[in-house]
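Below you'll find the structure, written out as structure tokens, and then a few comments.
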Number of protein chains: 2
Amino acid sequence: MAPVPEPRWRRRKEARPADIVAAALELFTEKGFAAARLDEIARRAGVSKGTLYLYFDSKEALFRAVVRDVVVPNVEALRESVLGSATPFPERLRELLPRFAAIVTALPIGAVAKMVIGESRNFPELAKVWHDDVILKSIGLLVELLEAAQARGEVRAGNPRIQAFSIMGPMLLGILWRETFTPIGGAEVDLVAAARQHAETVIDGLSLKESAR
Amino acid sequence: MAPVPEPRWRRRKEARPADIVAAALELFTEKGFAAARLDEIARRAGVSKGTLYLYFDSKEALFRAVVRDVVVPNVEALRESVLGSATPFPERLRELLPRFAAIVTALPIGAVAKMVIGESRNFPELAKVWHDDVILKSIGLLVELLEAAQARGEVRAGNPRIQAFSIMGPMLLGILWRETFTPIGGAEVDLVAAARQHAETVIDGLSLKESAR
DNA sequence: TATTAATGACTGACTGGTCAGTTAGTAAGG
DNA sequence: CCTTACTAACTGACCAGTCAGTCATTAATA
């Protein structure tokens, strides 16, 4: 009755990159790029450090992979959360913001955003990816919607980018608050609740008023 | 006529700490904590690396000094920008936001905020300083003002912290946009103009409506 | 079906460069 | 000429990246 010897390791060529990226996401978001140790990433991924280099050329390449892997699959979800149906703009805003909040709460987008902001000077091309793929596809789209809504008289006149800031800024504040202050004993933030209340505020603030109609 | 020999260096015991902190502020905001090199900070401050250690115990101590030196003297300015006179809340908001924007545009507070956000996991006590001395003294104060204004019927009912987010969030978005995206070719942001338009939006959004009075 | 050969995924000890922090010595300044 | 602000060469720890060797797995052969 020889005991079945557990192999020291298994071949898992397909699963390794995902394991490594998942571990790297944890470490990078916990510690930031510089303070994240490859030995620790390897340990959490259940591989040796050498294995990292079978799948990624360098620490920087791994960092890029993490950001891209988190961003790219979720850009569409974010984009759809902004697009929605063809209802009037105020109505649309009322569902858009909570949906956005729910997505951001469920995914590690907040942590990655914090990383990208923090490392933007050292990784300008990542800031560019974020800018082009996330920002322009959410804020940019919002700007187009606002321009159209202004033309239809659903939204008051004004610089549409600043209007987009008025809409999305509080979401960013909530996201970064959770990342920065909640871990050190700051207040909890219910992003979805904040989104709902803020939506009402901003709908009122952006609507053309009776008196002006 | 012997040429006056320029001394290789001068004793400037009083001026050194300020020089060093100024150079460190530049490097830390350009590169972040980890990627900033003490040799480079010393070079920009016009001293040798050893001199840094005559005035600061460690790189971390220098980092703390930078954050404190930039933040603490300006907390009062920020606080006053929120306090203002005892005019009704909407009026007050109309001057508060552009004043806040002007202060933040003039000082390197945005860059420091970005640093604190990025390094909050590695320097929780700095996040705490920021939270206690900056946030609670601006957002916290705003919350109190909002509660009072709600009681007076100047502002509609609602969670005052979320209302504060509605007010300040777009400012943060503008600040971080300038730090993150403008350097890589993203659009310019006129913070004061944004503050003015956003103030009108949010005043309207937070006011009690005719119909509800 | 059992045995052997070939493959390549994976390991972990090692290295070279980097950089925070130290210190022996120098010169400014009173 | 003494005190001390300051310099610059130095050190040692740390860590990203390497590579010679190991072994799980698969394919070929008997």
Side-chain angles (χ1 to χ4, degrees), chain A residues 2-28 30-67 115 119 122-123 126, chain B residues 2-28 30-67 115 119 122-123 126:
Chain A
V4 178
E6 189 73 356
R8 285 210 292 124
W9 45 265
R10 294 182 183 285
R11 295 185 160 199
R12 295 174 61 242
K13 186 179 165 59
E14 293 73 24
R16 291 302 186 207
D19 288 357
I20 292 168
V21 165
L25 172 65
E26 280 185 33
L27 265 291
F28 283 139
E30 273 171 33
K31 314 255 194 187
F33 176 77
R37 303 289 154 231
L38 289 184
D39 283 297
E40 173 76 0
I41 292 174
R43 210 179 53 71
R44 288 210 202 171
V47 296
S48 70
K49 193 163 62 165
T51 300
L52 301 185
Y53 285 88
L54 296 175
Y55 296 100
F56 302 95
D57 286 346
S58 64
K59 190 182 184 183
E60 290 200 12
L62 179 55
F63 185 70
R64 276 182 263 274
V66 167
V67 174
M115 261 170 45
E119 301 289 345
N122 301 325
F123 294 87
L126 276 187
Chain B
V4 178
E6 190 72 358
R8 287 209 291 124
W9 43 267
R10 294 184 184 283
R11 297 184 159 200
R12 294 174 61 243
K13 186 178 163 59
E14 293 73 24
R16 294 300 187 207
D19 288 357
I20 292 167
V21 166
L25 172 65
E26 280 185 34
L27 265 291
F28 283 140
E30 274 172 32
K31 316 254 194 184
F33 176 77
R37 302 289 156 231
L38 289 184
D39 285 296
E40 173 77 0
I41 291 173
R43 211 178 54 69
R44 287 210 202 170
V47 297
S48 70
K49 192 166 60 166
T51 300
L52 301 185
Y53 284 88
L54 297 175
Y55 297 101
F56 302 95
D57 285 347
S58 65
K59 189 183 183 182
E60 289 200 16
L62 180 55
F63 186 70
R64 274 183 269 273
V66 168
V67 173
M115 257 170 48
E119 302 288 345
N122 301 324
F123 294 86
L126 275 186

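Only heavy atoms go into these numbers, but all of them, side chains included; no hydrogens, no water, no symmetry mates. The sequence lines fix the lettering, A, B, ..., with proteins before strands; numbering per chain opens at 1.
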What is the separation between atom CG on B:Leu54 and atom P on C:dT23, rounded to the nearest whole Å?
13 Å

Base, sugar-phosphate, or nothing for B:Ala36, non-hydrogen atoms under 4.0 angstrom?
sugar-phosphate

Whole Å only: how far is the NZ atom of B:Lys59 from the P atom of C:dT22?
15 Å

Of B:Arg10 and A:Lys49, the one whose closest nucleotide on DNA chain C sits nearer the 5' end is A:Lys49

Between C:dT11, D:dT7, C:dC19, which nucleotide gets closest to the side-chain atoms of B:Val47?
D:dT7

Rounded to the nearest angstrom, tell me the gap between atom NZ in A:Lys31 and atom C1' in D:dC15.
14 Å

Backbone N/O of A:Ala36 and side chain of A:Lys59: donor-acceptor pair under 3.5 Å
yes

Is any side-chain N or O of A:Thr51 closer than 4.0 Å to OP1 or OP2 of C:dT11?
yes

Just to be sure I understand the rule, does A:Phe56 reach a base, reach only the sugar-phosphate, or reach nothing, if contact means heavy atoms closer than 4.0 Å?
nothing

Closest listed nucleotide, where the reference is the side chain of A:Arg11 and the choices are C:dT7, D:dA5, D:dG17:
C:dT7

Nucleotide C:dA13, atom P - distance to CG of A:Asp39 in whole Å
11 Å

If you define the side chain from C-beta out and look only at heavy atoms, does anything of A:Arg64 sit under 4.5 Å from A:Leu126?
yes

Between C1' on D:dC6 and CZ on B:Arg16, what's the gap in Å once rounded to a whole number?
8 Å

Validation row: B:Val47, B:Asp19 side chains within 4.5 angstrom (heavy atoms)
no

Distance check needed: C:dC19 P versus B:Leu52 CG, whole Å only.
15 Å

Select from A:Arg12 and B:Phe33 the residue whose nearest nucleotide in DNA chain C is closer to the 5' end of that strand.
A:Arg12

To the nearest Å, give me how far apart CZ (B:Arg8) and P (D:dA8) are.
5 Å

Is the distance from OP1 or OP2 of C:dA9 to the nearest side-chain N or O of A:Tyr55 less than 4.0 Å?
no

Excluding sequence neighbours, so at least two apart, what forms side chain to side chain contact (heavy atoms under 4.5 Å, CB included) with A:Ala18?
none

Between B:Phe28 and B:Ile41, is any pair of side-chain heavy atoms under 4.5 Å apart?
yes

Protein-nucleotide distance (B:Lys13, atom NZ; D:dC6, atom P), rounded to Å
8 Å

